[in-house]
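See below for the structure under consideration.
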Amino acid sequence: MRNALFAAFVVAGILPLASLFKAGEPIPHSDPRWDARHAELQCFAKGVLEHTESRSMIHYVLPEDVSDHGLVTQRLRYLVPGRYFEAGAAAVAPGQYIAAWHEPPPPGNVVWSGCGGVLLRR
Amino acid sequence: MMFRLGQTILITSAGAAALLFVTWSRPVLAVGVVIIAVLGWMIAEAGDRPTAGGVLAVALPGVVQAMVSVRPWLWDWNEWLIWRRDYFFIWGYKARLFYVERGVVLRFLATWPDDFGHMDYPLLVPLQFDVVAVLGGRFEPRMFGPFQTLLGIALLAIAHQCLRDEFTPREAALGTLALSSAALVPWFGFGEPTLVAYAASGALLVRRVLRGHSRSIGPAVFFLACAAMTKNEGMAFFVAVCIAAPRIARRLWPAAAVITAWLIMRGVLGLHTDVFAGHFFARFMHNVPLIPRGLAFMPTYGSLTVAVSMIAIARNPVVHATRERFLLVLASIQILFYLAIYAGTPSDVVSHVNGSWDRISSHVTMLIGFAGLMSLRRPVSPEPT
């Protein structure tokens with residue numbers, strides 16, 4: 001009984017690790033159609049990081065299909081840390097930025113453009 | 001040596017993270033890490049000479065885990081996988097923020113609203129990621145996986161010594177293998193691998209103190225303090241340790257001091273947690289009946305290990321449960337804390353449970369697994385009183 005329990009312990013301990021190497025398991029990618037789109041958004045976000053100052057406020061205008069139920073703010077924070085993000089460009093104060101990606105840009109001075117988007121400053 | 005090395009890894013990792021409050025210079029940090037490692041080695045308690053089986057039981061699962069942890073899609077921002085959110089929203093976000101700013105900008109974090117970013121969490125995990133990034137010369141998230149695996153390996157080395165205290169070398173090696181998935185949890189880039197490494201190491205060493213190894217108290221206190229600086233659950237873990245081991249609770253005061261200092265700083269900065277905000281009691285009454293529905297389809301991490309442990313303990317429940325009461329009471333209190341937090345959550349409780357139970361149940365797998373394994377030991381010497 002003791003040896004059987006010992007063996008059971010070892011199997012129970014190894015199984016979760018072994019299951020990480022399931023043969024033929026597909027990589028749990030998100031929808032592959034989005035990969036290129038997200039990559040372009042990532043490229044744009046890197047440009048925004050390089051062309052804005054720490055603590056600046058960035059109003060972003062993005063297509064609805066990348067909103068991720070509003071969580072795109074949290075996703076952008078990772079790529080552009082140290083800045084504040086606000087969805088939409090309805091209330092932009094002077095000096096604040098607008099990042100429009102695959103959307104018609106609102107009025108403002110162009111700071112940088114590329115990767116499918118434009119960064120403006122009021 | 002392996003026991004000592006495990007403690008040194010955990011001490012150095014935490015000490016290096018603290019250095020980032022002083023410097024972000026790569027050469028200075030590198031020198032600091034070496035100095036802390038040497039000091040850590042001197043402070044750490046020596047253990048038995050490792051056997052080949054023991055080394056293999058610690059290293060092999062670690063190598064497997066490290067290989068799994070560097071799979072690119074885990075760290076790719078373009079993969080908007082729901083279950084990887086916590087890395088990008090909490091742990092990786094803060095690490096990247098500090099790295100880009102070259103500073104621990106707590107006041108900036110305090111200006112964010114309560115959302116998925118958990119701004120109220122302590123900072124050990126992101127700062128440890130930053131140590132890896134600064135020493136590596138660039139922010140490369142894939143390196144965080146092997147780093148956290150190293151912490152898990154350190155825990156396994158400590159668990160191996162605790163098994164060696166009471167088992168034959170061969171049984172200790174097999175027992176270490178049995179505990180490998182409890183030490184090496186698969187949520188790379190999250191708080192869990194770090195929390196489990198420090199909390200379980202602290203608990204196993206407290207158990208060792210309770211069994212007469214008084215020298216283990218220093219590392220135990222340090223690791224419990226580090227666990228508390230990982231996530232709020234680590235602070236709850238410390239409270240649970242104090243309740244489960246009242247005899248030595250007063251000797252754990254340095255960890256309590258660290259937690260108090262953090263809570264004061266958190267309060268001053270306004271990094272509030274949302275669990276106790278608003279109408280807590282009303283939420284509690286509303287959520288409690290819904291918790292079973294959330295748990296119904298969620299697996300408990302290491303459920304097979306837990307089941308085997310229960311069977312092993314049930315062979316002579318009074319003797320085994322009494323002997324391992326510290327670990328079992330600690331695990332029970334911690335789970336009760338989690339259920340209480342679920343009951344008070346301002347989020348949808350079923351979603352909250354579904355999104356976290358498998359992860360947070362991993363916090364106590366090592367404790368239950370170790371207690372179960374111990375019920376298989378053959379007494380060879382009188383029990384310490």
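Both backbone and side-chain heavy atoms feed into the values below; hydrogens, waters and symmetry mates do not.
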Given heavy-atom pairs under 4.5 angstrom as the criterion, report whether the side chain, backbone, both or neither of V64(B) touches chain A. both
Atom group of P186(B) that falls short of 4.5 Å from chain A, counting heavy atoms: side chain
Which residues in residues 8-16 of chain A have any heavy atom closer than 4.5 Å to a heavy atom of chain B? A8(A), F9(A), V10(A), A12(A), G13(A), I14(A), L15(A), P16(A)
Are Q74(A) and I90(B) close enough, and set up right, to give a side chain to side chain contact (heavy atoms under 4.5 Å, CB included), and what steps lead you there? CA-CA 9 Å; Q74(A) 279 80 5; I90(B) 306 173; over 6 Å; no
So, taking the atom named CH2 in W77(B) and the one named CG in L79(A), what distance separates them when rounded to the nearest 0.5 Å? 5.0 Å
Please determine whether the number of non-hydrogen atoms from other residues, nucleotides or ligands lying under 6.0 Å from atom CE of M298(B) exceeds 12. yes
Can you confirm if the NZ or CZ of R77(A) lies within 45° of the ring axis of F89(B) and under 6.0 Å from the centre of its six-membered ring? no
Heavy-atom closest pair (F167(B) atom, R2(A) atom, distance to 0.1 Å) is CE2-NH2, 3.9 Å
To the nearest 0.5 angstrom, please state how far the CD atom of Q65(B) sits from the CG atom of L17(A). 5.5 Å
Interchain contact, P72(B) with chain A, by part (heavy-atom threshold 4.5 Å): neither
Examine Y93(B) together with Y78(A) and report whether their ring centres are nearer than 6.0 Å. no
Looking only at heavy atoms, what is the nearest atom pair of R75(A) and L81(B), with distance? NH2-O, 4.4 Å
So for V72(A), is it side chain, backbone, both, or neither that comes closer than 4.5 Å to the heavy atoms of chain B? side chain
Search all heavy atoms of G82(A) against all heavy atoms of E101(B) and return the closest pair with its distance. CA-OE2, 3.5 Å
Anything in residues 39-52 of chain A with a heavy-atom distance to chain B below 4.5 Å? Please list those residues in order. A39(A), L41(A), Q42(A), L49(A)
N78(B) versus H38(A), closest heavy-atom pair with distance: O-ND1, 2.7 Å
Would you call L376(B) and M1(A) a side-chain contact if the rule is heavy atoms closer than 4.5 Å? no
When the ring planes of W112(B) and Y84(A) are compared, do they come out parallel, tilted or perpendicular, using 30° and 60° as the limits? tilted
Residue part contacting chain A, namely of S309(B), when any heavy atom lies under 4.5 Å: both
Could you check whether atom CZ of R315(B) has more than 12 heavy atoms from other residues, nucleotides or ligands sitting under 6.0 Å from it? yes
Option that, when pairs with chain A are counted at under 4.5 Å, heavy atom only, ranks first among T111(B), L184(B), L179(B): T111(B)
Using a cut-off of under 4.5 Å for heavy-atom pairs, which of A182(B), G372(B), G175(B), S303(B) has the most such pairs with chain A? G372(B)
For atom CE of M310(B), is the number of surrounding heavy atoms from other residues, nucleotides or ligands below 6.0 Å larger than 12? yes
Give a yes or no on whether the backbone of P81(A) and the side-chain of R96(B) come within a donor-acceptor separation of less than 3.5 Å. no
